[in-house]
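Order of the sequence lines sets the chain letters (A, B, ...), proteins ahead of strands, with each chain counted from 1.
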Number of protein chains: 2
Amino acid sequence: MTDKIELTAEVKQMALIAKAMSHPVRLYILKKLSTMNACCYSGDLVEELPIGRSTLSQHLKELKFAGLIQGEIEPPYIKYCLNKENWAKARELFAQLFDNQNKGELKKLDL
Amino acid sequence: MTDKIELTAEVKQMALIAKAMSHPVRLYILKKLSTMNACCYSGDLVEELPIGRSTLSQHLKELKFAGLIQGEIEPPYIKYCLNKENWAKARELFAQLFDNQNKGELKKLDL
DNA sequence: AAATCATTTCGTTATTTTGCGAAATATAGA
DNA sequence: TCTATATTTCGCAAAATAACGAAATGATTT
């Protein structure tokens, strides 16, 4: 029996990030914050999204939990922005997954 | 009231892919197939992962459902490989999310 | 102090996910 | 045909997720 491995902290971290991205509404929010390079308010989002306020709040909480966004209190609003540091980390993790083919032993490309 | 938007098929598609990636075991499998640029058998995986056979089978099924892997029957085994076409599509979607800052209106970088 | 506004938390319900072991399937070899 | 092997499907239980409306919070204005 080849011994069991322990799933690394990195894999677990990335799975957490992927989970945060695994709902259309949350992905929409991330896409908006990222491509606009801007912040937004819960009130803006609830007007354009087909979900209720409390549901949206829950989604924002999950994005916060994953570290992808952060909320600045700006009474009476809360301004939500990307957490740039963690966003960069997430980008790195996904780039590593998608682009790091043939890590370790180089593939011979002589066809 | 700014009118409600419809979440695009693209966002929904990507959420589906993110969901497939949202479990450490599934991410481990994808990472293995991608970085090794190789295929593997369910039996190989069950020996190194801390889960049972039926549970692993379920995870493989989900990865297949999301289109990220495919299984070739190679009796008595089933050889699992990345679905390269869809993998490339996934890479593109994530790259777009992470790298396409300021789509549309170019940001003025004059600080 | 009372009313208002943006947002969150609570309580609930329905659905999905994760995990397991047992049973089923399918193929190859004796 | 019987047995062994690799893997999946089934049936189940526990936990997590998604959604809602009602109530609570916290800050500002009247």
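At D:dT17, none of the side-chain N or O atoms of A:H59 fall inside 4.0 Å of OP1 or OP2 (strictly under the cut-off). The shortest distance between the side-chain N/O atoms of B:H23 and the OP1/OP2 oxygens of C:dG19 is below 4.0 Å. Between A:T55 and the phosphate of D:dC20, there is a side-chain N or O to OP1/OP2 separation shorter than 4.0 Å. A close approach under 4.0 Å does not occur between any side-chain nitrogen or oxygen of B:R53 and OP1 or OP2 of D:dT9. OP1 or OP2 of D:dT17 has at least one side-chain nitrogen or oxygen of A:K19 nearer than 4.0 Å.
A straight line from CG of A:L49 to P of D:dA19 spans 11 Å, rounded to a whole angstrom. Rounded to an integer number of Å, the gap from CD of A:Q58 to C1' of C:dG11 is 12 Å. Separating the CD atom of B:E74 from the C1' atom of D:dT5 is a distance of 15 Å, rounded to the nearest angstrom. B:L60 has its CG atom 13 Å from the C1' atom of D:dA6, to the nearest Å. Here D:dT8 presents its P atom at 10 Å from CG of B:L45, a figure rounded to the nearest Å. Regarding B:Y41, its OH atom lies at a distance of 21 Å from the P atom of C:dA26, rounded to whole Å. The CZ-C1' distance, from A:R26 to D:dA16, rounds to 12 Å in whole Å. Taking atom CD1 of residue B:I51 and atom P of nucleotide C:dT18, one finds them 11 Å apart after rounding to whole Å.
Counting non-hydrogen atoms under 4.0 angstrom, A:L56 reaches nothing in the nucleic acid. In this structure, B:E62 reaches the sugar-phosphate backbone alone: every heavy-atom distance under 4.0 Å involves primed, P, OP1 or OP2 atoms, never a base.
Environment of OH in B:Y77: sparse, with no more than 12 heavy atoms of neighbouring residues, nucleotides or ligands closer than 6.0 Å.
A:L30 and B:L16 end up in different hydrophobic clusters when Ile, Leu, Val, Met, Phe, Trp and Tyr side chains are linked at under 4.5 Å. No single ILVMFWY cluster, assembled from side-chain heavy atoms under 4.5 Å apart, contains both B:F65 and B:L93.
Using a 4.5 Å heavy-atom threshold, the side chains of A:L56 and A:I29 count as touching.
Across the interface with DNA chain D, nearest-nucleotide mapping of A:I73 and B:Y77 shows B:Y77 to be the residue nearer the 5′ end.
Candidate nucleotides D:dA6, C:dT9, C:dT8 were compared by shortest atom distance to the side chain of B:P76, and D:dA6 ranks first. Each of D:dT8, C:dT8, D:dA6 was ranked by its minimum atom distance to the side chain of A:S57; first place goes to C:dT8.
Residue pairs that meet the side chain to side chain donor-acceptor pair (under 3.5 Å) test with at least one member in residues 52-61 of chain B, sequence neighbours left out, are B:R26-B:H59.
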